[in-house]
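Structure, as structure tokens:
Throughout, protein chains are lettered first and strands after them, A, B, ... in sequence-line order, and every chain is numbered starting at 1.
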Amino acid sequence: MYEALFAKHEHRRVLPDLEGAEHGVVMRFAPNPSGPLHIGHARAAVLNDAYVKQYGGRYILRIEDTDPKRVDPEAYDMVKEDIAWLRLGITETVTQSERLPLYYDLCRKLIERGGAYVCICNNERFRELKQAKIACPCRDQPVEKNLGLWERMLDHTFNEGEATVRIKTDLNNPDPAMRDFPAFRILDSPPHPRVIAHVYPLMNFSVVADDHLLGVTHVIRGKDHIANTRRQRYIYDHFGWKVPVYRHYGRMGIEGVVLSTSQMRFGINEGKYSGWDDIRLGTLRALARRGISPDAVKNAVLAIGIGDTDISFSWDNLYAENKKIVDPVANRYFFVPDPFTANIDGALHRTAHAMLHPGDTARGSRILVFEGSVELPRGDITHDTAMVRLKDLFNVTISWDGSIPSFAYAGDSLAEARAAKAHIIQWLPAQGAVPCTLLTQEGEITGVCEPLVTKELGNVVQFERVGFARIDAVGNDGVTAYFTHK
RNA sequence: GCUGCUAUAGUGUAGUCCGGCCAAUCAUGCGAGCCUCUCACGCUCGCGACUGGGGUUCGAAUCCCCAUAGCAGCACCA
């Protein structure tokens, strides 16, 4: 019976087979270090990870930092932290800015093979020619001339914008995006935070170089790279290299969330968001802070698979995955939002024992001592509630004198409460209740919680009748918790 | 504009390659009920989709054509 239950939650979502993967794969996750990882990155990272686990092989983390404009020096560490959080099976890491000599070397070889040339036309001019399917004057230069120009790029004879290495493709290709695309350009500012360089490879070149050098066999990436895949084929062909197997999945959005790193950064700088882990953001650190488990992210992403349709990722689906993981683990506590202090007439002092987890009695219980006055959720005290049951304690009747409620002990019988259809509500002894702020994506809810909650720092708990929350901070002024989901 | 990709319920997904077993799978969501000292968990039942139009065929979610919609690329970004 337990196995059946287990099997249900663990059922493996099977990803479609990859062709040519029978004898293992080499795959890579290649983020740009411009900020921390978000859900969109997680899709690429987890899909590749899953295939490496399925077929066996190597999983390379490749930091693609060949554009100094898009490098945030802090992002190197953030990316690594996020990957650690996701527990990806990375087997090796390479950083492109450390590999510039390799790319230069291959560029020279490609020029020698006649697969590339150094173009000194200005951009506008080249663009016009490209649109008109006309070769630019540099295209037919002899190899020796190209090699000379290439040296002059490297030795700073040329300045930024004055020379570009282009891959020879097919000028008659109906897609203008394919015609003689650039492979290297000169960049002097901003300086790269990690390396001194003058000439940088463009993504299409460095990616092919590395995929080949590292022995990458399969590439799974977003469909925004479909055109790049076609461009990259030209480079493979020039070198005579074997082309990896590609899969392109569709665009993914998330309801109500910005996934653009630059927009997130802008919002943070403007003060709209508190930081990269602001809970309104779709970064992995924001999810972590809210108590979303990395396995929930993985399962949700695997369930989406590698379809090429554009999708809108739903929080509901992520929450459902997370709840499966968190519900059996999270201890239960009372959190009283918007508390109302009530004196209960006619009740003797007594002690309530509330279970830490209803499905696991072995965990024991919390002890709540009733001494006359309690904090109740204001929202549950309305003119049309005649009776409520304080969970694990007793029943209380409410009577009203105008807008002033008064509360009276009404017996211990749970059956009576059920018969009266009384709500069973959470409560806290007025003495000793700890101030607690629950931060949600919509705003903050102030209230009080059990003292024991202070021992759950960093854990996800369930506030009964409210939802799951991660205890983010415990201080002299109380507890700060982040709402996870219902 | 040019080039290409895609289109199954509110959301995600299976089925599409090799047409019939699909009045369409699973999950999530929503509704009702059961269970329960939480509005959680669990259980039961229900709701809800093949973008539209043509064609091929005995038979189409599946093949073909057109339309429509969405997305991507056309950067000295990745």
Side-chain angles (χ1 to χ4, degrees), chain A residues 5 8 11 13-14 16 30-34 64-67 69-71 96 119 122-123 126-127 130-131 160-166 173-179 181-187 199-204 206-207 221-231 248 250-253 255 261-262 299-305 307-321 323-324 326-328 330 332-334 352-355 357-359 380 389-395 412-415 417-418 422-426 462-468 485-486:
Chain A
L5 254 154
K8 185 159 191 179
H11 80 274
R13 287 168 246 261
V14 184
N32 171 239
S34 56
E64 304 210 331
D65 57 346
T66 54
D67 180 10
K69 284 188 209 67
R70 298 188 29 147
V71 173
Q96 291 191 317
C119 173
N122 80 38
N123 296 329
F126 182 83
R127 242 186 86 129
K130 178 172 80 171
Q131 290 300 340
E160 185 162 331
E162 290 178 351
T164 303
V165 176
R166 296 190 188 283
N173 192 305
D175 186 350
M178 293 303 124
R179 301 174 198 154
F181 60 88
F184 283 84
R185 85 300 208 183
I186 294 170
L187 240 39
V199 176
Y200 293 90
L202 268 328
M203 171 265 194
N204 281 311
S206 49
V207 161
R221 46 170 21 172
K223 76 176 186 187
D224 41 323
H225 284 294
I226 288 177
N228 288 324
T229 298
R230 286 203 294 267
R231 284 194 272 224
H248 298 97
R251 286 286 283 184
M252 184 174 85
E255 311 161 307
T261 302
S262 57
N299 290 341
V301 162
L302 288 176
I304 289 168
D308 35 21
T309 323
D310 304 320
I311 58 155
S312 166
F313 188 70
S314 156
W315 288 112
D316 278 340
N317 293 325
L318 212 213
Y319 292 162
E321 292 296 343
K323 203 185 273 184
K324 285 175 196 160
V326 134
D327 182 76
R332 269 59 173 171
Y333 294 100
F334 289 155
H353 297 265
M355 287 203 286
H357 195 291
D380 284 304
R389 178 174 178 83
L390 307 192
K391 189 167 183 276
D392 300 307
L393 193 65
F394 50 56
N395 305 334
D412 293 346
S413 166
L414 176 63
R418 286 248 156 84
H423 287 157
I424 297 169
I425 66 172
Q426 77 275 36
Q462 189 201 44
F463 288 144
E464 298 194 43
R465 303 211 311 143
V466 175
F468 293 89
H485 46 63
K486 271 300 266 185

Distance test, side-chain N/O of A:Arg185 to OP1/OP2 of B:C77, below 4.0 Å | yes
Who pairs with A:Asp327 by salt bridge (Lys or Arg N to Asp or Glu O under 4.0 Å), at least two apart in sequence or on another chain?
-> A:Arg332
Round to the nearest Å and state the distance from A:Tyr319 atom OH to B:U11 atom C1'.
-> 14 Å
N or O in side chain of A:Lys323 less than 4.0 angstrom from B:C41 OP1/OP2 = yes
Sequence neighbours excluded, the answer for side chain to side chain contact (heavy atoms under 4.5 Å, CB included) partners of A:Asp308 is none
Measure from the side chain of A:Asp327, starting at C-beta and using heavy atoms only, and say which of B:C71, B:U13, B:A40 lies closest.
-> B:A40
Quiz item: A:Arg251 side-chain donor-acceptor pair to B:C71 base, under 3.5 Å = no
Each stem that RNA chain B is part of, given as range with range (3 or more consecutive Watson-Crick or G-U pairs, under 3.5 Å) = B:1-7 with B:68-74, B:10-12 with B:26-28, B:29-34 with B:42-47, B:51-55 with B:63-67
To the side chain of A:Phe468, which of B:A40, B:U6, B:C39 is closest?
-> B:A40
Short side-chain N/O contact from A:Thr66 to OP1 or OP2 of B:A78, under 4.0 Å | yes
Distance below 4.0 Å between A:Arg231 side-chain N/O and B:G73 OP1 or OP2 | no
Would you say B:C37 has OP1 or OP2 under 4.0 Å from some side-chain N or O of A:Arg418?
-> yes
Please determine if a side-chain N or O atom of A:Lys130 lies less than 4.0 Å away from the OP1 or OP2 oxygen of B:A75.
-> yes
